[in-house]
Every structure is written in structure tokens, then in C-alpha cells.
Student: 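The structure is given below, and queries will be raised subsequently.
For ligands, and for the atoms within them, numbers begin at 1 and follow the listed sequence. In this text, all values refer to a predicted model and were calculated from it rather than measured experimentally.
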Amino acid sequence: MSELKILSVASEVFPLIKTGGLADVVGALPAALARESVTVRTLVPGYPAVLAKLTDAQPAHAYDDLFGGPARILAGVAAGLDLFAIEAPHLYERPGNPYLGPDGFDWPDNARRFAALSRVGADIGLGIIDAFRPQIVHVHDWQAALAAAYLHYADRPGPGVVTTIHNMAFQGHFATSLFGELGLPPQALSIDGVEYYGGVGYLKAGLRLADRITTVSPTYAREILTPEFGMGLDGLLRTRAAIVQGIVNGIDDTVWNPAADPALPQTFNAQRIDMRVRNKTSLQARMGLASGVDRTLFGVISRLSDQKGLDLLLQALPSLVARGGQLALLGSGERSLEAGFAAAAASRPDSVACAFGYDETLAHLIQAGADFIVVPSRFEPCGLTQLCALRYGAPPIVARVGGLADTVIDANEAAITAGVATGVQFYPPSFESLTHALSRALGLIRDPAASRRLRLNGMRSDVSWRGPAKRYASLYRELASPLE
Ligand code: ADP
């Protein structure tokens, strides 16, 4: 197999900087693709968290003026990843969240910050760094999507472009007044270019001008062609349906490995699944819940936003608690949801416990200790939490949307009989159907043999990157121009 060179362009990468699943995917794919003879270099903004970890950084290119100041592309390694980082203090030398200022609002110059990321991605695609000439530029989400436009309107042919949508809800729309700063030719401001409803649309451009479009599950790939999920871009996507495909995400099964997880009081595997219960009692103790192996413990690890449907769970909580259920929630996001869950915890501290903030260690303990993990999303491009839950023997209870539909097998009678069930699905994402799903879960757990089987099936399903990496590799090979 000939070797392929890919430039992956993204605004976050695990473990250096992460706000969501995008970072996990961008961080995990290179190692998985290496096994498929695909070499990936990842281009990210040089936020302080990235530059601090970059070892052996070598300047690979210098710009006198990249959107308002001098900049350099540094090549180096961080956390085992081959990176190009854009050192541009005027754009990226800001601590904390990559998108939001200290006031919690988007940085006012995000349009420029991510146009710069895209510009540099395109430049590398066009051969600005002699030592690394990729055959494909793979752009992730709106922050990198304008690279497709820079490549399309370049004065010479460039590499193939793959645009991946991790979440349609974030599209990068800006006022037309920005256009003059982007350095694109006037004809780019058209319906076939970056123009979008009288403004400039970064994701729109990435979808209009890519050679292939992927999203992170087959069901979401179908859903985004409809007005309900397409968020205004479904019309454009329908015209490009032939090049849209869904490739489900994996998880890093070395980071998420219950048999050797340093975050767990008790490691376990499918053969020693009974030992898992010690994590449950530790979790109950750590979160101040009443102890008891017979209390059914539901876990949540999530951003608290409308997308995730946790308002439905908040509504369902009183009846869950009345039936003896417990909830351990880790999340951060919307204040009103935090307040709602905090109030529920204050009134029933034996049964409901919350931790607000971002906490990897606690996330692992919840996966290992909860009896079920609840993911009631209204839409979910792929979802990673349920994949971790499968691997950690906590059957996921999920809304049947997007990647949740593709990765969890509902414990209906047929699936139980066939011995393939891995969790509980419900639809639509509503209070009533979630309540029904929680009741089904409480019923399942009363049958120890059935619930053990459910856990084992999940633990044995392949949620690694191996399958997805093969699919990305064959997509790249299909698209790559023949090697010179
Ligand atoms: P999204 O990217 O929409 O937030 P995903 O399920 O695709 O959702 O990925 C989110 C990842 O981040 C999952 O691995 C999830 O477990 C993790 N996560 C979410 N919130 C927290 C938190 N507060 N602390 C630790 N991990 C979290």
C-alpha cells in the first residue's frame, strides 16, 4: 500500500486543548490511521496550551502579516502528535477556552482567528512547506472549513479536500463586511462560494467546495439532508448528497480501558465484571450519594445544553428518585440547567449528586461505576459518551437519533433473544419516552442475568478507531491524486 500524506486542520485536539468530541476525534485519528499507512500531520492554532507542550519546535514558515500580525508555522511533536502549530500571538495567545473570552462570549475576532487557521491549512496544502506536501487536506468543522475556499480559489491546483461536520449547530456565519479581509477573490462572494444568506458562511463554504463531505455517523449523514437537522444547510447538502457519507467515531481504547485505567479504584474486564461494583460504591461515596449496591445508579457526563436534552432528564428526575433511582451528573454549561440539577441535588442529596465543571478522572469513575449512562440528546452527530459507556459496562440509555441510533442496540425482545442488545433506545426525545426508557432500565436491572448480558455485550462491541480508520483511509485513497 502506498503511503498517503494528510493534513488535518482543526481548532482543538485532545489532549492539548478540548471543548468536545471534535478534539477527541482529531487527537485519536492520526495513530489509528498510521496503522493504515496514512501519515497525518495536524495543524492547530498555537494557543498557550499547545505551544507549552510542543517539543523540538522548528520554524517551518514565516508570515510577515497573518490577519494583523506576524506569525510562524512551527513543526513539532506534542503528546505524541505530529503537529504544525500557528504561532501568532495577536490571534491565539489567550488562555482558556479556544473560542470564548473571559466574559463567556465569543472572541470578537473569531472570524479572523479561524480564517487564519484555514489560510495556513490551504497554504500547506499548496506546498508552502517543502518537507510536507499533503495529498489531502482534511478540514474539521467551521473553524477550518474556509481552507476549502482558499484552495478552490488558489492560482494553482491543490490537494483534495475532505470536510467533516462534527456538529451542524456551529456554522461560522459572519457579516459580509468581513469579506474584504479574507484575501479571497471577488468571485468567491457568490452562492457557489462563501456567500451565505447575505453574509459569509465558513462551514457553508467548506461544504460547497469540498471534494468529499463526511459526518460522524451514517444516521446523522441522512438527518442533515432534512430541514429538521440540516440547520439551514440541508438544501445545499442535498445537492451534494452523492459525496456525503457518515463514518462513526471510535474512542481511544488505551485511554478508555477499564482493565488498566489509573482513574479507577477497581479495574475490571469482561471476565471480572463482578468487580465493577466497587467502582459504584466509590462513586456513591465520592459524590455523597447514599451507599447501596441495590440502588440503581444512572450517570450523565455531558455539556449542559439544549442539544443534550438534559432538561428532559431533570423533568423525569422526581419519578426516577421516587422509584429508588440515583443520579450522578458531571457537566457544565447552561446556568439554568446547572441550577435545576443543583436544586434537585439539594432536595435529595442521598439520590442526586452533581459536579459542575470539566473532570476527566470523575468522568472515568462515572463510566465505571454507574449502572446506566443516560444520553437523551435531541440531536447527536455521533456522541462519544455512549461509546465509553459500552466499553465500561454501563449500558447507555439513548435517544434514537444520529450516532446514538447507530451505536447502541436496543434491548427489545428480539435483540435480547438474539443476544445482541447493548442498551436502551427511546424516541422521540421527550419527557414521556425518556421516562418510559428509564422504567425499562429499572426493569432490566431486576433481572441480574439479563443486565449482566447487556453489560457484557457492550463491553465486547468494537468501539475502537480501527474500523473508522479503515473507512477514512479508503476515502482518502479514493480521492488522492496519483502519486507523482
Ligand atoms: P460533544 O462533543 O457534543 O460535547 P460528545 O459525546 O461527542 O459530545 O463528546 C464529548 C466528550 O467529552 C465525551 O467523551 C464526554 O464524556 C466528555 N465530557 C463532556 N462533558 C464532560 C465533563 N464535564 N467532564 C469530563 N468529560 C466530559
Student: To the nearest 0.5 Å, what is the distance between CD1 (Ile301) and NE2 (His364)?
Tutor: 8.5 Å
Student: Are any of the heavy atoms in His166 under 4.0 Å away from ligand 1?
Tutor: no
Student: Quick check on Cys382 - does any of its heavy atoms sit under 4.0 Å from an atom of ligand 1?
Tutor: no
Student: Does ligand 1 have an atom that lies less than 4.0 angstrom from a heavy atom of Pro381?
Tutor: no
Student: Would you say Gln367 touches ligand 1, if touching means a heavy atom closer than 4.0 Å?
Tutor: no
Student: For Arg400 and Thr219, run side-chain hydrogen bond (donor to acceptor under 3.5 Å, both in side chains): C-alpha distance rounded to whole Å, both residues' side-chain angles, the deciding distance at 0.1 Å, then the answer.
Tutor: CA-CA 10 Å; Arg400 195 170 61 250; Thr219 296; over 6 Å; no
Student: Evaluate the side-chain proximity of Val248 to Ser217: yes if any heavy-atom separation is below 4.5 Å, no if none is.
Tutor: yes
Student: Tell me, which protein residue and heavy-atom name are nearest atom 15 (C) of ligand 1, and how many Å apart are they?
Tutor: Thr385 OG1, 3.6 Å
Student: Does the gap between the ring centers of His138 and Tyr472 come in under 6.0 Å?
Tutor: yes
Student: Quick check on Glu360: does its CD atom have over 12 non-hydrogen neighbours (other residues, nucleotides or ligands) under 6.0 Å away?
Tutor: yes
Student: Is Gly357 close to ligand 1, meaning an N/O of one under 3.5 Å from an N/O of the other?
Tutor: yes
Student: Has Lys280 got a side-chain atom pairing as donor or acceptor with Val293's backbone, closer than 3.5 angstrom?
Tutor: yes
Student: Side-chain contact, heavy-atom cut-off 4.5 Å: Ile373 with Gln386?
Tutor: no
Student: Measure Asp359 to ligand 1 on non-hydrogen atoms and call it side chain, backbone, both or neither using the 4.0 Å cut-off.
Tutor: backbone
Student: Within ligand 1, which atoms have a heavy atom of Arg303 less than 4.0 Å away?
Tutor: 1 (P), 3 (O), 4 (O), 20 (N)
Student: Taking N or O atoms only and a 3.5 Å limit, does Leu384 qualify as a polar contact for ligand 1?
Tutor: yes
Student: For ligand 1, which atoms have a heavy atom of Lys18 less than 4.0 angstrom away?
Tutor: 11 (C), 12 (O)
Student: Of Ser302, Gly331, Ser332, which has the heavy atom at the shortest distance from atom 20 (N) of ligand 1?
Tutor: Ser302
Student: Can you name the atoms of ligand 1, numbered from 1 with element, that are less than 4.0 Å from a heavy atom of Gly21?
Tutor: 1 (P), 2 (O), 7 (O), 9 (O), 10 (C)
Student: Gln425 side chain to Asp410 main-chain N or O, any donor-acceptor pair under 3.5 Å?
Tutor: no
Student: For atom 22 (C) of ligand 1, state which one of Phe356, Tyr358, Phe379 supplies the nearest heavy atom.
Tutor: Tyr358
Student: May I ask you to check whether Phe174 and Trp142 place their ring centres under 6.0 Å from each other?
Tutor: yes
Student: Please list, in number order, the atoms of ligand 1 under 4.0 Å from a heavy atom of Ile301.
Tutor: 16 (O), 18 (N), 21 (C), 26 (N), 27 (C)
Student: Is Cys388 near ligand 1, meaning one of its heavy atoms is under 4.0 Å from it?
Tutor: no
Student: Considering the heavy atoms of Gly20, write down every atom of ligand 1 situated less than 4.0 Å from one of them.
Tutor: 2 (O)
Student: Examine the proximity of ligand 1 to Lys308 and report which part, side chain or backbone, both or neither, has a heavy atom under 4.0 Å away.
Tutor: side chain
Student: Less than 3.5 Å between some nitrogen or oxygen of Leu22 and one of ligand 1, yes or no?
Tutor: no
Student: Using the benzene-type ring in the case of Trp, are the ring centres of Tyr202 and Tyr196 under 6.0 Å apart?
Tutor: no
Student: Looking only at atom types and distance, does a side-chain atom of Arg113 sit under 3.5 Å from a main-chain N or O of Pro98, one as donor and one as acceptor?
Tutor: yes
